[in-house]
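Please read the structure below before turning to the comments.
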Amino acid sequence: MATPDLIRLDIVVDEEQYDTVAGLLVRNISYGWEEDSLPTGETRFRVHCDNAIVQENLLSALRAWLPGLDVEQTSIPRQDWTVAWREFFTPVRAGQFIVLPPWLLESTPLEGRNPIIIEPKSAFGTGHHNTTVLCLEAITELLASGRLKAGQRFFDVGTGSGILGIACCLNGLAGLGSDIDPVAVDNALENVVINKVADDFRIVPGSAEAGEGERFDLVVANILAGPLRELAPALIARMKPGACLVLSGLLDVQADAVEAAYAELGKARRVQSGDWVALVWGE
């Protein structure tokens, strides 16, 4: 049976639409996309989808936020995409970690960093987006300061590819990852096996309610600003006294509103890369 073609989505946005579309891509397609500046002053996002659920989730989100947005869909041969993806994927260095696909592990100098091996599929978190890098850097700093240490427990809400939980496991922590997207859950399960942390990292479907009420030394969520605000009571309830909290997936213009939702934890430290921000409590 012939392998189905992939779908390429071309999304052209003006300056006012840019942040909204970029945020939606972070949540739905952060395994990678192309971004080009056009002579018109507009930006073209080019996304490749190999999963109908992921494609429809993205299109639904785009229609909900920007009803008049034009999205061009093109079918391309899967074989061509496989080659192109391998050329596109480059290792990402973030804090003590280097994120790379299996086919680059042997040929890439690790430079003293812990390798996180991610099989790039239709899930979230290959390290290429600023918010993932910010979270990995925050985890690195918490480990270096001794606030996080081997033997502690973490909860990775919206785990995506599992990248942040894997980073914790590589430093001796163990914990739970949850995601509402079944495609992400499947990819995370694959990645915890690849990184040999399956015994320490349990992946389950769901959100902040997962894990039967256990409280954790670290809660991390790299999702979107709206859900982060809505989930504030639930996420705070999952923290042990004195626990650390790392939130990202938000733009700098959204940081005040998200931080206000967690006001009972006090003031967060902000880490920024471009227009993207991570909030860190418990240092």
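Treat the numbers as computed from the prediction; the structure is a model and nothing was measured.
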- prompt: Is Leu247 reachable from Leu24 through a run of hydrophobic residues whose side-chain heavy atoms are each under 4.5 Å from the next?
  reply: no
field: Heavy-atom pair of closest approach, residues Asp156 and Thr159
entry: OD2-OG1, 2.7 Å
- prompt: By side-chain hydrogen bond (donor to acceptor under 3.5 Å, both in side chains), which residues pair with Asp252, not counting sequence neighbours?
  reply: Gln272
task: Quick one: sort the Phe154 and Phe201 rings into parallel, tilted or perpendicular, breaks at 30° and 60°.
output: perpendicular
- request: Using only heavy-atom distances, determine whether the side chains of Asn222 and Thr131 contain a donor-acceptor pair under 3.5 Å.
  value: yes
- request: Kindly state each residue pair satisfying salt bridge (charged side-chain N to carboxylate O under 4.0 Å, His left out) with at least one member in residues 161-176, sequence neighbours excluded.
  value: none
query: Which atoms form the tightest heavy-atom contact between Val185 and Val204, and what is the distance?
result: CG2-O, 4.1 Å
message: Membership question, hydrophobic clusters at under 4.5 Å side-chain separation (ILVMFWY): are Val92 and Leu170 in the same one?
response: yes
query: What salt bridge (charged side-chain N to carboxylate O under 4.0 Å, His left out) pairs are there with at least one residue in residues 205-221, not counting sequence neighbours?
result: Arg153-Glu214, Asp217-Lys240
message: I need the full list of salt bridge (charged side-chain N to carboxylate O under 4.0 Å, His left out) pairs touching residues 91-104, with sequence neighbours left out, sorted by first then second residue.
response: Arg93-Glu111
Without placing hydrogens or testing angles, list every side-chain donor-acceptor pair under 3.5 Å for residues 68-77, not counting sequence neighbours.
from  : atom 1 : to    : atom 2 : distance (Å)
Gln73 : OE1    : Gln55 : NE2    : 3.0
Ser75 : OG     : Asp5  : OD2    : 3.1

field: Which residues share a side-chain hydrogen bond (donor to acceptor under 3.5 Å, both in side chains) with Asp200, sequence neighbours left out
entry: none
Connected via hydrophobic side-chain network under 4.5 Å: Ile118 and Val193: yes
Listed partners of Thr20 passing side-chain hydrogen bond (donor to acceptor under 3.5 Å, both in side chains), at least two apart: none
message: Can you list everything that forms a side-chain contact (heavy atoms from CB on, under 4.5 Å) with Pro115? Sequence neighbours excluded, please.
response: Ile98, Leu100, Leu105, Leu110
- request: Please answer: with hydrophobic residues joined when any side-chain heavy atoms are less than 4.5 Å apart, are Val220 and Leu176 in the same cluster?
  value: no
statement: Hits for ring-ring contact (aromatic ring centres under 6.0 Å, His included) against Phe155, two or more places apart or cross-chain, chain-then-number order -> Phe216
message: I'd like to check the side-chain contact (heavy atoms from CB on, under 4.5 Å) partners of Ser107; sequence neighbours left out, ordered by chain and number.
response: Leu104
query: Taking Asn195 for the side chain and Ile117 for the main chain, is one N or O donor matched with an acceptor at less than 3.5 Å?
result: yes
query: Under the salt bridge (Lys or Arg N to Asp or Glu O under 4.0 Å) test, which residues partner Glu141, sequence neighbours left out?
result: Arg269
message: For Glu259, give me all partners under side-chain hydrogen bond (donor to acceptor under 3.5 Å, both in side chains), at least two apart in sequence or on another chain.
response: Arg270
